[in-house]
Amino acid sequence: MKNSLADWLIFFLDKISVVASFKLFSMSDESEGENHYLDISYFKRGDLLEVPRTLFVHFGIYLGNNKVAHLMPDILPTMTEDKCLIDKVVTNKRLILGVLAKVASIRVDTVQDFAYGGTIIVNHMDCSFKTKPLCNEEVAQRAEKLLGATPYSLLWDNCEHFVTYCRYGFPVSFQTDKFCETVKRIIRDQRSVFLSAALGLVLILCLGMEPSTTLPSLFITFALWMAS
C-alpha cells in the first residue's frame, strides 16, 4: 500500500513537472521593453534578477562571479544532511514538496541553474518602487547574511519578499498582492454565489442529503453571499 501511494505521488509530481515546463502567463509585462539579458557580463553585484515561470516570477540577487542568491522551497534538507545532494539543482519534485511542507532555504546557484532555461530580467522592479534601491554592495551583503534555512510561505514569505528586503529595505510581494486582489474580486462577484449554490445543488442531487455534502455547500454559499 505504501509503495502504491509513493508511486502515485511520484506520477502526480511528474505530471506537474511537465505542466510546469510551459509558461502559461507571466506576472511581468514583457512588452514594455525591460532589460533582458543572458550574458552575465551585463550583471552587477547586487542586481535584482527575475525569471518569468509558470504562473509566477522567480527572483534572486546577483552576487557576482556567476552566482545568484535566491529563496527556494526544498524538501531535501529535511531528509538528508548530504551537502552534495542538497547543492544540486532543485528539481520540480523537491520544490513542490518544499512548498507543501513550507520548508525553504536561501541558497546560491549559478545564473544558468537559477534561470532554469528562462529569460532573465534585470532590475525591472526598480520602476515599481517610489524609493530608490539600496547601493548594490549593501544589497548583496544583505542577501549573503540571510543564506541558509528560512521560513517559507507561498503568499507571505517567498522569494519576492527576500529580494525586495535585500534591495529596498522592506519585504513586499506584488505577486501576492495581485493574487489577493483577484481572489477578492471573485468573492465580491455575486456570480460566484450562484455558481457555488448550483454546484452544491448538483452534489446534493448526485450524492444525496448527506451532512458531508449539504453542510459544506450551504456554508460556502452563505460565506460568499455575506462577503459579496
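From a predicted model like this one, the values you see are computed outputs, not experimental measurements. Reckoned from all heavy atoms, side chains included, excluding hydrogens, waters and symmetry mates.
- Within the model, atoms NZ of Lys88 and CG of Asp109 stand 13.5 Å from one another, a figure rounded to the nearest 0.5 Å.
- Checked by atom type and distance alone, the side chain of Arg53 never pairs as donor or acceptor with a backbone atom of Gly118 at under 3.5 Å.
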Evaluate the criterion side-chain contact (heavy atoms from CB on, under 4.5 Å) for residue pair Gln175 and Phe59; output intermediate values, then yes/no.
CA-CA 11 Å; Gln175 294 181 109; Phe59 297 88; 3.4 Å; yes
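- Scanning both residues, Ala104 and Pro73, for their nearest heavy atoms gives CB-CA, 3.7 Å.
- Side-chain contact of Asn123 with Glu50: a donor-acceptor pair under 3.5 Å is absent, judged by distance alone.
- The CG atom of Leu49 sits 13.5 Å away from atom NE2 of His124, with the distance rounded to the nearest 0.5 Å.
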Go through the steps for Ile75 and Val103 under the test side-chain contact (heavy atoms from CB on, under 4.5 Å), then give the verdict.
CA-CA 6 Å; Ile75 193 67; Val103 292; 4.1 Å; yes
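- Under a hydrophobic clustering in which Ile, Leu, Val, Met, Phe, Trp and Tyr are joined whenever their side-chain heavy atoms come within less than 4.5 Å, directly or via other members, Val108 and Val89 fall into different clusters.
- Between Val51 and Ile121, every side-chain heavy-atom pair lies at or beyond the 4.5 Å cut-off.
- Checked by atom type and distance alone, the side chain of Arg94 pairs as donor or acceptor with a backbone atom of Ile86 at under 3.5 Å.
- With Tyr165 as the aromatic partner, Arg142 meets the cation-pi criteria of under 6.0 angstrom to the ring centre and within 45 degrees of the ring axis.
- Aromatic ring pairs are classed by plane angle as parallel below 30°, tilted from 30° to 60° and perpendicular above 60°; the pair His58 and Phe114 is tilted.
- Between the side chain of Asp82 and the main chain of Cys84, a donor-acceptor pair closer than 3.5 Å is present.
- Counting only distance, with no hydrogens or angles, the side chain of Thr164 and the backbone of Val172 share a donor-acceptor pair below 3.5 Å.
- The NZ atom of Lys67 sits 10.0 Å away from the OH atom of Tyr62 when rounded to the nearest 0.5 Å.
- Hydrophobic clustering (ILVMFWY, side-chain heavy atoms < 4.5 Å, transitive): Leu63 and Val139 are in one cluster.
- Using a 4.5 Å heavy-atom threshold, the side chains of Pro171 and Phe162 count as separate.
- We find the CG-CG distance between Leu146 and Leu71 to be 9.5 Å, quoted to the nearest 0.5 Å.
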Take Arg45 and Asp47, measure what salt bridge (charged side-chain N to carboxylate O under 4.0 Å, His left out) needs, and give me the verdict at the end.
CA-CA 6 Å; Arg45 178 173 160 84; Asp47 278 349; over 6 Å; no
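- At a threshold of 4.5 Å between non-hydrogen side-chain atoms, the residues Tyr152 and Asn158 count as touching.
- Closest approach of Gly169 to Leu134, counting heavy atoms only: N-CD1, 4.2 Å.
- Within the 4.5 Å cutoff, the side chain of Ile96 has no heavy atoms near those of the Val99 side chain.
- Note: the hydrophobic cluster containing Ile106 also contains Ile61 (ILVMFWY, side chain heavy atoms under 4.5 Å, direct or indirect links).
- When the shell of 6.0 Å around CD of Glu181 is examined, it contains more than 12 heavy atoms from other residues, nucleotides or ligands.
- Annotation: side chain of Phe174 is in contact with side chain of Glu160 (closest heavy-atom distance under 4.5 Å).
- Counting heavy atoms from C-beta on, the side chains of Phe43 and Val111 come closer than 4.5 Å.
- Between Arg107 and Asp87 there is no salt bridge, since no side-chain N of the basic residue sits under 4.0 Å from a carboxylate O of the acidic one.
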Under the side-chain hydrogen bond (donor to acceptor under 3.5 Å, both in side chains) rule, what do Asn66 and Gln112 come out as? Steps first, then yes or no, please.
CA-CA 8 Å; Asn66 197 34; Gln112 292 76 19; 3.1 Å; yes
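- Atom NZ of Lys102 and atom CG of Leu97 lie 15.0 Å apart (nearest 0.5 Å).
- Within the 4.5 Å cutoff, the side chain of Thr80 has heavy atoms near those of the Leu76 side chain.
- Put simply, the side chain of Thr176 gets close to the backbone of Leu155: a donor and an acceptor are under 3.5 Å apart.
- Taking the six-membered ring for Trp, Phe179 and Phe56 have ring centres at least 6.0 Å apart.
- With a 4.5 Å cut-off on side-chain heavy atoms, His161 and Ser173 count as touching.
- Two different hydrophobic clusters hold Leu95 and Leu85 under the rule that ILVMFWY side chains link at heavy-atom gaps under 4.5 Å.
- Of the possible polar contacts, none joining the Asp113 side chain to the Tyr116 backbone as a donor-acceptor pair under 3.5 Å is found.
- Between atom SG of residue Cys166 and atom CD of residue Glu138 there is a gap of 10.0 Å, rounded to the nearest 0.5 Å.
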Using salt bridge (charged side-chain N to carboxylate O under 4.0 Å, His left out), reason through Asp126 and Arg167 one step at a time and then give a plain yes or no.
CA-CA 9 Å; Asp126 286 356; Arg167 188 164 176 85; 2.9 Å; yes
